[in-house]
Amino acid sequence: MVKQTERFVSLTLVLLLAWAVAPLRAQTNPGQAPAAQRPSAASTGFFKPCGAAVTLRLTSAAARQGGLLELTLSSRGPVAQLKGEWAGRALPFWTGAAGPSAQTVQHALLGVDLERKPGRYELNLAGQLPPGDASFACHASIDVAAGKFAIESLKVAPGFVELSPEDRERANKESERVHAIFARLTPERLWSGPFRIPLTGSRSGHNFGKRRVLNGTAGSPHTGLDIPAPAGTPIHASQAGRVVLAENLFFSGNTVIVDHGLGVYTFYGHMKSIHVTEDEDVQAGAVLGLVGSTGRATGPHLHWSLIVDGARVNPLGIVGLKL
Ligand SMILES: [Zn+2]
């Protein structure tokens, strides 16, 4: 009985995913294997000199679908005209605290969409350093491997997956709105400090990237992490930011999206109630609402998603980073 309930809960999430963040960069990846929920971020890192005065560091030179890399660029002085591009997209940078040798440090996050095609992707950086505005350039290749995601085949009553025309129209409109939000890039960094798991006491979740085959038809992957908790448990903002959506949506029920700036968004679904309003600035840890089972969910849990520069990544990947 419990098992059935769990299956039903997760089934609703699949439907949510189909909508929640349908591929911003749709690419397919056949042949996934079972789940590793925490993306790898090798502590050893990857270093590369970019000329005499600049050093590039990545948390790893390799990544998996749904993973997240942190880029750090250290230099002897302030960098002008800094530009970075990875896999064809411009990287938003922020300036970090100076290092022990009074260096200037720039940071960026490289999100790997959970459906990015495995392969080698090029990272290019360029900028200028005073005095004399000497230019520098740097290049690195990052290998993206297939993610390890679960696959589950289910047979369900046709009516369960087929929405009425009205529901379908509503869900599609909401999906377009959510996509439009994630496509926006707020140029300022609104967060400050490390990101946290939104539920106090929770250390993990499940179902990220999980793929379901319903009645023989492959569905969209589950784009977030499901964290079970009793109804009414407070949901805290992972970090500071601005609430850009706070309303009831068809699939994810009572939903809050927080814009943390620089293309970083967190998404919280199935809330019992919402305690913030759109355009409200929230501090890290602020209570956004309470855990519930609104929308297409049959049991209380938090659906938590993370978007980094358009990429749908495992939100646990940002929790350990010292941002
Ligand atoms: Zn979910």
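When a ligand or atom number is given, it counts from 1 through the structure's own listing order. Basis for what follows: all heavy atoms, side chains included, without hydrogens, waters or symmetry-related copies. What you see is a predicted model, and the numbers here were worked out from it, not measured in a lab.
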Is it true that His260 and Tyr265 have ring centroids separated by less than 6.0 Å? no
Within a 6.0 Å radius of atom CZ on Arg170, are there more than 12 heavy atoms belonging to other residues, nucleotides or ligands? yes
Inspect the surroundings of CD in Gln283 and state if more than 12 heavy atoms from other residues, nucleotides or ligands are less than 6.0 Å away. no
Per residue Asp226, nearest N, O or S atom to the Zn ion (ligand 1) is named OD1
Is the Zn ion (ligand 1) less than 2.8 Å from an N/O/S atom of His303, whether that atom is in the backbone or a side chain? yes
Near the Zn ion (ligand 1), is there an N/O/S atom from His222 that is less than 2.8 Å away? yes
Does the pair Arg177/Glu247 count as a salt bridge with the N-to-O cut at 4.0 Å? yes
